[in-house]
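See structure below.
The structure presented is a predicted model; accordingly, all values stated were derived computationally and were not measured. Chain letters run A, B, ... following the sequence lines, proteins first and then strands; every chain starts at 1.
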Number of protein chains: 2
Amino acid sequence: MSPSSRARKTARGASKGKSRNLTRDKVIAAGLALIDEAGADAITMRGLAEAVGVTPMALYNHFSSKRALLSAVAENVISAADFDGQHANWRDQVHHCFSVLRSLCLQHPGLPRLLEFEGAAPASVFAPMEVTLRALREAGLGDIDSARTYFLLVSFTLTQAAYQARRVPDLEPSAQIRAERIAGRGYEAIEHLAWPETWDFDASFEFGITLILNGVESIAAGDEGRHAPS
Amino acid sequence: MSPSSRARKTARGASKGKSRNLTRDKVIAAGLALIDEAGADAITMRGLAEAVGVTPMALYNHFSSKRALLSAVAENVISAADFDGQHANWRDQVHHCFSVLRSLCLQHPGLPRLLEFEGAAPASVFAPMEVTLRALREAGLGDIDSARTYFLLVSFTLTQAAYQARRVPDLEPSAQIRAERIAGRGYEAIEHLAWPETWDFDASFEFGITLILNGVESIAAGDEGRHAPS
DNA sequence: CACTGTATGTCTACGGTGTATATATGAGAC
DNA sequence: GTCTCATATATACACCGTAGACATACAGTG
């Protein structure tokens with residue numbers, strides 16, 4: 001309500017700065033900086049206000065709530081990215097799209113939290129969706145299946161990136177602890193697994209995308225899977 | 001520290017109730033009930049204490065922290081499930097495993113939050129991993145690739161289930177709003193998509209699992225994907 | 001039986017969160 | 001110069017997790 005009326009007033013005057021000192025884009029920039037150095041939950045209205053040099057309540061003149069603020073931050077990040085890459089074939093197209101999304105998440109840890117939860121998803125989340133739907137349709141998938149595959153890709157990419165980015169050592173299982181936890185439970189497969197001491201997230205991402213795209217091809221070719229109806 | 005010494009004492013005496021009135025499993029049960037009706041973030045030490053009929057600080061005699069409490073709740077849910085199903089082929093095995101995981105998440109909304117974040121993952125999360133690794137190895141995947149596929153499956157299942165379970169209407173895009181948001185942005189593919197007014201989550205889950213398992217077969221068959229190195 | 005140690009529960013309090021409400025301030029329009 | 005109204009502030013509320021000091025009542029020992 002307040003921001004809209006302000007916008008009306010500003011539109012009447014000039015489209016530049018406001019009457020008073022300074023804000024809005026500054027808040028978003030400060031919020032982004034906060035997310036970059038600490039997690040997404042490090043964004044606090046009080047801390048953010050201090051970073052900008054105002055009182056906490058001043059932020060509410062520009063954002064109706066914390067959620068709206070976070071949404072604006074996410075919007076700022078997402079809308080600046082180029083998810084399309086003008087790639088020749090649909091596989092490269094999808095791969096590029098989610099590589100970009102992933103690197104955004106790694107650059108700004110906590111961004112996945114902003115997108116998935118908090119209901120703070122901004123309008124620009126539809127950009128990667130558009131690119132993906134086009135590519136998948138080109139691959140031969142139907143509308144609904146394309147959307148389903150998009151959600152699968154998003155789930156995978158965001159979750160993995162979130163896990164990698166929010167990598168705080170004191171929560172790490174750390175081989176040692178992991179070994180203790182599974183000891184004596186008959187988890188042969190896990191014990192047998194030669195766990196690398198540093199997980200290769202990049203390779204895992206490539207693997208996942210490749211697997212999914214192979215699955216797309218198989219579905220598009222008409223293989224609807226075959227779990228016996230028991 | 002306190003709980004362990006209590007356990008030692010109890011083991012010496014009888015394995016039944018404690019000295020005072022009652023707790024521990026009661027807390028877990030109450031926590032589970034809270035999670036079931038409201039989300040995971042509805043679990044608050046004060047609210048939980050009231051539900052059990054004690055003071056908030058009384059909980060700390062049985063759990064060292066809120067995280068430990070949530071972990072115990074998750075453990076209670078996960079450990080009661082049978083992820084193995086003694087299925088004949090690896091596809092049905094994996095399908096069963098994640099169907100169970102998914103239904104747990106739908107029964108107890110907010111459980112995904114417990115598992116993914118908060119670092120509250122209990123020891124029993126390794127049970128589905130064990131089942132999956134065995135099945136995937138049988139499918140012909142290597143150790144690391146099996147682990148990677150497991151994480152892919154988990155990402156997909158938990159994220160989708162979380163989204164479905166935390167379905168609060170006032171956050172829903174709701175066709176109307178969705179249409180407004182994408183209007184005039186050139187999102188042809190999205191606009192063209194005939195979005196069902198009620199998303200079929202079950203079918204989407206089946207689709208995703210099938211797609212992934214098809215991808216597994218393709219990888220196991222030696223198709224490592226082919227994105228041209230541009 | 002009484003005694004005592006200790007585990008259990010309570011009370012109070014601290015620093016933190018998001019934000020509703022009322023007030024002061026200062027720039028721009030007339 | 002005066003008025004208006006968007007902006008920034010001050011204060012306050014309800015809530016959160018939990019640290020610390022204290023009260024209590026049972027368990028084990030004599």
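Here the side chain of B:S155 pairs a donor or acceptor atom with the backbone of B:F151 at under 3.5 angstrom. Side-chain atoms of B:S204 come within 3.5 Å of backbone N or O of B:D200 as a donor-acceptor pair. Remark: the backbone N or O of B:A74 is not paired with any side-chain donor or acceptor of B:H108 at under 3.5 angstrom.
Which of D:dT18, C:dT19, D:dT9 sits closest to the side chain of B:M57 comes down to D:dT18. Distance from the side chain of B:Y60 is smallest for D:dT18 among the nucleotides C:dG9, D:dT18, C:dT17. Comparing D:dA8, D:dG17, C:dT17 against the side chain of B:K66 picks out D:dG17 as the nearest.
One can place CG of B:L34 at 11 Å from P of D:dC16, the figure rounded to the nearest angstrom. Regarding B:F63, its CZ atom lies at a distance of 14 Å from the P atom of D:dG17, rounded to whole Å. Put simply, CE on A:M45 is 17 Å from C1' on D:dA14, counting in whole angstrom units. Residue B:D41 contributes atom CG, which lies 11 Å from atom P of D:dG17 at whole-angstrom precision. Atom P of nucleotide C:dT17 and atom CG of A:L48 are separated by 12 Å, given to the nearest angstrom. Taking atom CZ of B:R24 as the reference point, atom C1' of C:dA7 lies 15 Å away to the nearest angstrom. Rounded to whole angstrom, the span from the CZ atom of A:R67 across to the P atom of C:dT17 amounts to 19 Å.
The shortest distance between the side-chain N/O atoms of A:T44 and the OP1/OP2 oxygens of C:dT17 is below 4.0 Å. Between B:H62 and C:dG9, a side-chain N or O to OP1/OP2 separation shorter than 4.0 Å is present.
For B:R46 and B:E50, the salt-bridge test fails: no basic side-chain N is under 4.0 Å from an acidic carboxylate O.
Using a 4.0 Å heavy-atom cutoff across all strands shown, A:L59 reaches no nucleic acid atom at all.
The base of C:dA7 lies outside donor-acceptor range of the side chain of B:N61, with no N or O pair under 3.5 Å. The base of C:dG18 is paired with the side chain of A:R46 by a donor and an acceptor separated by under 3.5 Å.
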Please assess B:F201 against B:R102 for the test side-chain contact (heavy atoms from CB on, under 4.5 Å), listing each intermediate value before the final yes or no. CA-CA 11 Å; B:F201 284 98; B:R102 186 174 103 103; 4.3 Å; yes
